Amino acid sequence: MAATGNEEQTLLPDIEEEAEGMEREMESEEEEEEGMGVEHSEEEDEEDTSEDERENEAEIQRLEEQLSINAFDYNCHVDLIKLLQQEGKLHRLRKARQKMSELFPLTEEIWLDWLKDEIRLTEDESDREKVYELFERAVKDYVCPEIWLEYVQYSIGGMGAQGGIERVRSIFERALTAVGLHMTKGASIWEAYREFEIVILSTVQPPPGSIPSQEQQELLNAQLERIHTLFRRQLAVPLMDMEGTYAEYADWADDGVPETVTHQYRRALQQLEKCKPFEEALLVSEPPKLVEYQAYIDFEMKEGDPARVQIIFERALAENCLVPDLWFKYTTYLDRQLKIKDLVLSAHERAVRNCPWTMGLWKSYLLALERHGADHQTVTDVFEKALNAGFIQATDYVEIWQSNLGYLRRRVDFSKEWSRELDELRAAFARSLDYLKQDVEERFSESGDLSCTIMQVWARIEALHCKNMQKARELWDSIMTKGNAKYANMWLEYYNLERSYGDAAHCRKALHRAVQCTSDYPEHVCDVLLNFERVEGSLEDWDAAVQKTETKLNRVNEQRARVAEKEALLTRQEEEKAEHRRKAKADKKAQKKSQKANRTGDKRKAEDEYEEEWGEDEELPSKRLRGEEGFGSTATEDLMETESGLFGRRAPPPRKSEPPGFRKNLQGLSEAPRQPQDMSKEQRKDEDSVFVSNLAFNLEDPEGKLRTFFQGCGTVQQVRPVFTVKGAFRGYCYVQFEDRLAVSEALKLDRQEVDGRPIYVSPCVDKNKNPDFKVFKYKTAVEKHKIFISGLPYSCTKETLEDLCKQHGTVKAIRLITNRSGKPKGLAYVEYENEAQASQAVLKMDGTMLENFTLSVAISNPPSRKMEDKAAPSRILGAAMMRQPQGARGKGRTQISLLPRSLYRQSDPDAKAENGTVSAPHATVTDGVHGGPGTASLDNQTKSLSNEDFARMLLKK
């Protein structure tokens, strides 16, 4: 924590004067050295200036200009200090450090460098006092054992002055209070304090052989007692290497270690054993160690020692100073448990200096100042600083204004008709409205107070405390003109105000206006008006109210009927479009089947026999592989089944190349006994099944492995792996359970790994019956509480990313994007607890480096995943078929034509093919067979080709 404004103003001029004097001395020494040689002119001095110095000076000027534009650029401050320190520009270095310390808490490294520079320049006692003031500022920023140790060591150098020894002891005692409980570094302060007192002991001991006087003996006994007390105090505190301290005390004490000290030492050892796991976790983990510190803090809070809770909080904040949640937890603990004014306010001030963008910390600070009786000017200054802190959303400014207005209201004595505090409160209300309208709207394009909460509070204060209903009505008129007149709850709020503090005439007027303007809940407002007239109104008032409400409700019902009719029309149009798409899909399938039936050649005929619908039990002639005896047996063929689901048709004819693991799967099929998998189509229930895809093609025993994988979800009735005609596993299967409840448990296993490869588990839905079914489970709209990170190193793990992201808020979920084989793609989605934390993470993480990779961070806005149903484009006979739209489970069977392009010939350029059937009167060559049905009448247009003709066409370039 920085020093107060007065201290900074008094210290800076003295430091600047001293710096100027030192620079003048250094310049005079340089002139004397130069005078021993040849005199140089100013032009020659400029020529001697090194190129590095010129570059550094240019960079220093650039950084200073940048800070003049944006004084809150933390990294710019750090870079400027490093350059000035490198160049040895003492005056400018002091000024840069001073400016940075006014805006930010300085790190331990910056403070130690600054203090050591100032200590080297200390010449007289007045200079020492300036260094003492600098030390006082340093120890308030963070609890740092190194700075305290430097402080006490520096104070020992002034022990010769009047009262110097007592001053050193006072600083030592403060250091022990601050960091004496630090389990790993606190022992250094205790040992330094003890060594200091032992040195003092040597000065009060009488010379050898002499008899000390009574006064000398009293001094000697008092000094011995101080050292004994230090040993006893240290041994009662759990610190690392306590055993060495105990052994040292046993050697030092003439009468041995007292029993009470030994008892306290053992208790401290027990406490040390409890804390050792947490300390060891901190030692092996990498910064910022937030998770480890959180666990340590929870442990100490359960133990209930306030001093130990405070020191562990301070240790955690020293390494996680930019985590608002940690500051919230610490300040809340101090507010509710310790309630020590100086300690509480110091923590709140450091919190807002470290995380100035967090509105909640400023709000807590203002409440703490009021709670501990701070003067009005201090509270006002803190509030003004909060307005300039740069919050990340408009609603933050509304909340900080409400906190300040609540403080000002509590200062007013409403028993008086007028007071200066009341005028100040009204002026603050007016200023808040102007600030939200001008400053906040200019920055965020919205005021952040859509329901005019501040004006509502003002109106209620005027009505309740000031008895000024005229002002309250003016405020509510202004509220309604800001777009709130269409909301029933706003009118009812105004009505309740009039009901409580106004009169019946204004209540009736407010309700009549509400009936006329409300558009969200008109029935409710009409009921309130009628109930009011039942109690307060005359017959004429009742008749007017009934007529007005009936007219309003009739108009509303007409509007709703028109809207419902329009929605019904849109629904019918959508249904017609869906029906048209289904019919088009069925027609296309029929045309495709007809086209395949008309093809000639034994190879095409064999393929057509496999192209049957799912569930039909035609026996398929299988082609035996070389070396595979009995593969075409009936038992084996029964196991080679496919599902309709997504693909709708059986597998294409076998490819010549064998996929990995083909022989193993084939062997398993030939050796396995016949399984009862020939379940009828009626017994297969999609609602009790899941579809499993992205399995490895060389997966051994897919049925057994998937049974084991899903056994925790429920009783698996059947696993139906899908194979090609040759028996190779196709990488997907169907798993049917006995209980429908097991399906929901199985879907939770989506993206889990089987043999090192993530599998996709989705509902089993027949796409022919449900063409609009969507499997994608993630949102495709803007998610303001979630961020998207790209540019991650491929070695980045979920734990590494969580440690990186939780510095900016509470991480709820992390999803690393992988390809189908499970390898990372360098992308991730991170979900935070709210939008503010996500926005803060984008601001802080975008453009940062992780393992030499530059991260790109933005609010999550994934692209939409729409499957467009387009008519299949016509293709030329023999050419490659266009890709068909893919379903949610991947693409269908292979649709590549095996006819070489060289064999394709078309006589009419205008001829077109529809679904593989030539519609033009000119035939082409297909599958090495001339024409098709009906080509006999075209002999005069197309000449028959021989085998030699085909060979020449293939070799032709």
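Quantities reported herein were computed from a predicted structural model and do not represent experimental measurements.
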Would you please name every residue forming a salt bridge (charged side-chain N to carboxylate O under 4.0 Å, His left out) with [X], sequence neighbours left out?
{"X": "E575", "value": "none"}
{"X": "D541", "value": "R508"}
{"X": "E833", "value": "none"}
{"X": "R707", "value": "E703"}

Report task. Check whether any side-chain heavy atom of E533 lies under 4.5 Å from a side-chain heavy atom of L530, and answer yes or no. Result ->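 Of all side-chain heavy-atom pairs linking L530 with E533, none is under 4.5 Å.
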
How would you list, by chain and number, every residue that makes a side-chain contact (heavy atoms from CB on, under 4.5 Å) with [X], sequence neighbours excluded?
{"X": "N496", "value": "none"}
{"X": "N834", "value": "A836, Q837"}
{"X": "A488", "value": "T518, D520, Y521, V525"}
{"X": "L492", "value": "H524, V528"}

So for atom [atom1], which belongs to [X], do other residues, nucleotides or ligands contribute more than 12 heavy atoms lying within a distance under 6.0 Å?
{"X": "Q547", "atom1": "CD", "answer": "no"}
{"X": "E442", "atom1": "CD", "answer": "no"}
{"X": "K548", "atom1": "NZ", "answer": "yes"}

To the nearest 0.5 angstrom, please state how far the [atom1] atom of [X] sits from the [atom2] atom of [Y].
{"X": "Q718", "Y": "C733", "atom1": "CD", "atom2": "SG", "value": "10.5 Å"}
{"X": "I392", "Y": "L843", "atom1": "CD1", "atom2": "CG", "value": "6.5 Å"}
{"X": "L436", "Y": "D449", "atom1": "CG", "atom2": "CG", "value": "6.5 Å"}
{"X": "K812", "Y": "K786", "atom1": "NZ", "atom2": "NZ", "value": "10.0 Å"}
{"X": "Y832", "Y": "S860", "atom1": "OH", "atom2": "OG", "value": "13.0 Å"}

Requested in this report: Sequence neighbours left out, what pairs pass side-chain hydrogen bond (donor to acceptor under 3.5 Å, both in side chains) with at least one residue falling in residues 482-495?
Outcome: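 Passing the test, one end in residues 482-495: R460-E493, Y494-E498.
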
Requested in this report: Would you please classify the geometry between the F691 ring and the Y732 ring as parallel, tilted or perpendicular, with 30° and 60° separating the classes?
Outcome: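 Judged by the thresholds at 30° and 60°, the geometry between Y732 and F691 is tilted.
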
Query - Set of residues satisfying ring-ring contact (aromatic ring centres under 6.0 Å, His included) with respect to F444, sequence neighbours excluded - result: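 Partners of F444 under the ring-ring contact (aromatic ring centres under 6.0 Å, His included) test: none.
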
Report task. Without swapping roles, check the side chain of E831 against the backbone of E783 for a donor-acceptor pair under 3.5 Å. Result ->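 Answer holds: no.
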
Query raised in the report: Counting only N and O atoms by type, is there a donor-acceptor contact under 3.5 Å from the side chain of N694 to the main-chain atoms of P758?
Result: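 Such a contact is found between N694 side chain and P758 backbone.
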
Requested in this report: Applying side-chain hydrogen bond (donor to acceptor under 3.5 Å, both in side chains), name anything that partners N531, two or more places apart in sequence or on another chain.
Outcome: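 Partners of N531 by the side-chain hydrogen bond (donor to acceptor under 3.5 Å, both in side chains) criterion, ordered by chain and then number, come out as R534.
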
Distance-only check: which donor-acceptor pairs under 3.5 Å involve side-chain atoms of residues 558-568, not counting sequence neighbours?
residue: R560; atom: NH1; partner: E523; partner atom: OE2; Å: 2.6
residue: R560; atom: NH2; partner: E523; partner atom: OE2; Å: 3.2

Query raised in the report: Considering all heavy atoms of both residues, which atom of W476 and which atom of M490 are nearest to each other, and what is their separation?
Result: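 Between these two residues, the closest heavy atoms are CZ3-O, 3.5 Å.
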
Query - R751 NZ/CZ over Y760 ring centroid, <6.0 Å and within 45° of normal - result: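 Relative to the ring axis of Y760, which defines the angle, R751 lies inside both limits.
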
